[in-house]
Chemist: 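Please find one structure pasted underneath; my questions will follow.
All ligand and atom numbering here is 1-based and tracks the order in the structure.
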Amino acid sequence: MLASRRILLIIGGGIAAYKALDLIRRLRERGASVTPVLTRAGAEFVTPLSVSALAGQKVFADLFDLTDEAEMGHIELSRSADLIVVAPATADLMAKMAHGHADDLASTLLLATDTPVLLAPAMNVRMWQHAATQRNLATLRADGIGFVGPNEGDMACGEHGPGRMAEVPEILAAVEAALSDGPLRGRRVLVTSGPTHEPIDPVRYIANRSSGAQGTAIARALAALGAEVVFVTGPATVPPPGGVTVVRVETAREMLAAVERALPADAAIFAAAVADWRVAQASGRKIKKSGGALPVLEFAENPDILETVSRMDKGRPPLVVGFAAETHDVVEHATAKRARKGCDWILANDVSAGTGIMGGAENAVTLITEEGAESWPRMGKDQVAARLAERIARALA
Ligand code: C5P
């Protein structure tokens, strides 16, 4: 809940600005007050009248409005909030922030503030993927700026990919996380989850069994402790949690690329059941049955994402956690796996037939750390997740 929390909302110029109107309502419903700042470009998309009517306050728009300077200087305005939210955060606003420009009210507030800042970027796919924007993103993350989204999907400009502004419920959850006094506040955690699908042809694939239930529960538990969570998920059956940035992938190679893009992070939890192999030459056309002749599939090895990240020379997250699904000699195999992969912790579980763990609601895990093995009693996957999240918070404290 956001009772009596003060949000300074900067609305940048982009079609996603319409969502900012709903965001104002939902923030106020939760008890927050919203002081709106509309950039000149933002005012091309939503009117000052709609914004101020929904916020129940006047809209600040111009740096050189002397009346405002008399009423409330921009320095004071920038510090009067508990959190500054920029939604939509355009490529231009991100560039200004990354380089310390202060040539309008929004950029001046962002430079003058000592309040936590949360950005919800929204822009064309190419603009988001441009090396300049990605450089600015890395700079801003290193400066301690929080992010929610962008999400992948269809864009108003007709293209498809990352660049859509996070939906209002996701922004609300990120606001709550940023304002929470949870132990992971200000921490960025990466979680992989679900299976990967490796295509054989356009209609067939190979995959591991994975519902994504445990990874989803872990991401939710981390967000509940205040972490900014990037959730990289293969095609899971369980829907992703709210309040996290969701990156959807299909294959192991896409998952590795998404993981590398999501770094740096304070911790990385690899709960995905990644396929070890892919078909070396997936067919672009459906392979036809032909008179009893069987297709011969040649396999290639997929990158090991956990190991790749664990062994990074530069930018390795300080805490890397892997999973081990075993059917026998769980502790022995998981201990060997921890050493082989170079990760800090392994959460091992027995998924042999009869345990009901695979796809079920419960899990019985053993945590393997430098200090040794620690068996946890059988409990719900949500409880495993909560306990792991607490351990992570303690390790990062
Ligand atoms: O080697 P194995 O697949 O049993 O290891 C499981 C752990 O390694 C899990 O944490 C899983 O997410 C990770 N993994 C990975 N990339 C792979 C294979 C497994 O990140 N290609």
Side-chain angles (χ1 to χ4, degrees), residues 189-199 205-219 221-222 229-236 238 240 247-263 265 267-280 299-312 315-317 319-352 355 357-359 363 365-369 373 381 384-385 388-389 391-392 395:
V189 185
L190 168 72
V191 180
T192 70
S193 183
T196 64
H197 285 181
E198 311 295 332
Y205 59 84
I206 56 167
N208 287 3
R209 283 186 205 282
S210 169
S211 62
Q214 187 64 80
T216 301
I218 290 167
L222 291 163
V229 178
V230 183
F231 185 68
V232 179
T233 178
V238 171
V247 183
R248 288 193 166 81
V249 297
E250 288 265 330
T251 68
R253 286 185 296 175
E254 287 169 11
M255 186 172 273
L256 175 60
V259 162
E260 285 173 339
R261 274 200 304 274
L263 294 176
I269 321 301
F270 292 97
V274 183
D276 290 316
W277 310 284
R278 65 179 181 276
V279 175
F299 288 93
E301 193 158 327
N302 268 332
D304 190 312
I305 304 167
L306 170 63
E307 189 170 347
T308 305
V309 172
S310 294
R311 301 205 181 281
M312 280 171 61
R316 181 194 190 275
L319 179 65
V320 178
V321 184
F323 278 69
E326 306 287 350
T327 54
H328 57 283
D329 299 327
V330 175
V331 171
E332 193 185 326
H333 284 143
T335 305
K337 187 171 288 181
R338 177 180 171 273
R340 197 168 62 242
K341 303 239 186 189
C343 58
D344 302 298
W345 299 351
I346 285 266
L347 211 65
N349 54 359
D350 183 350
V351 293
S352 51
T355 60
I357 282 173
M358 196 93 89
N363 209 347
V365 305
T366 304
L367 179 67
I368 316 271
T369 68
K381 286 183 177 171
V384 170
L388 179 66
R391 283 296 287 259
I392 291 168

Chemist: Can you check whether Val232's main-chain N or O pairs, donor with acceptor, with Arg248's side chain at less than 3.5 Å?
Modeler: no
Chemist: Where does the angle between the aromatic ring planes of His328 and His333 fall among parallel (under 30°), tilted (30 to 60°) and perpendicular (over 60°)?
Modeler: perpendicular
Chemist: Can you tell me if CZ on Arg316 sees more than 12 non-hydrogen neighbours from other groups inside 6.0 Å?
Modeler: yes
Chemist: Taking only residues at least two apart or on different chains, which pairs with a member in residues 250-259 satisfy side-chain hydrogen bond (donor to acceptor under 3.5 Å, both in side chains)?
Modeler: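 As it turns out, there is no side-chain hydrogen bond (donor to acceptor under 3.5 Å, both in side chains) pair with a partner in residues 250-259 once direct neighbours are skipped.
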Chemist: Using every non-hydrogen atom in the two residues, find where Asn208 and Ala275 come nearest and quote the distance to one decimal.
Modeler: OD1-CA, 4.1 Å
Chemist: Please check if the side chain of Arg278 supplies one atom and the backbone of Glu301 the other of a donor-acceptor pair under 3.5 Å.
Modeler: yes
Chemist: If you count only heavy atoms, which residues are under 4.0 Å from ligand 1?
Modeler: Phe270, Ala272, Val274, Asp276, Pro303, Asp304, Ile305, Leu306, Gly322, Phe323, Lys337, Lys341
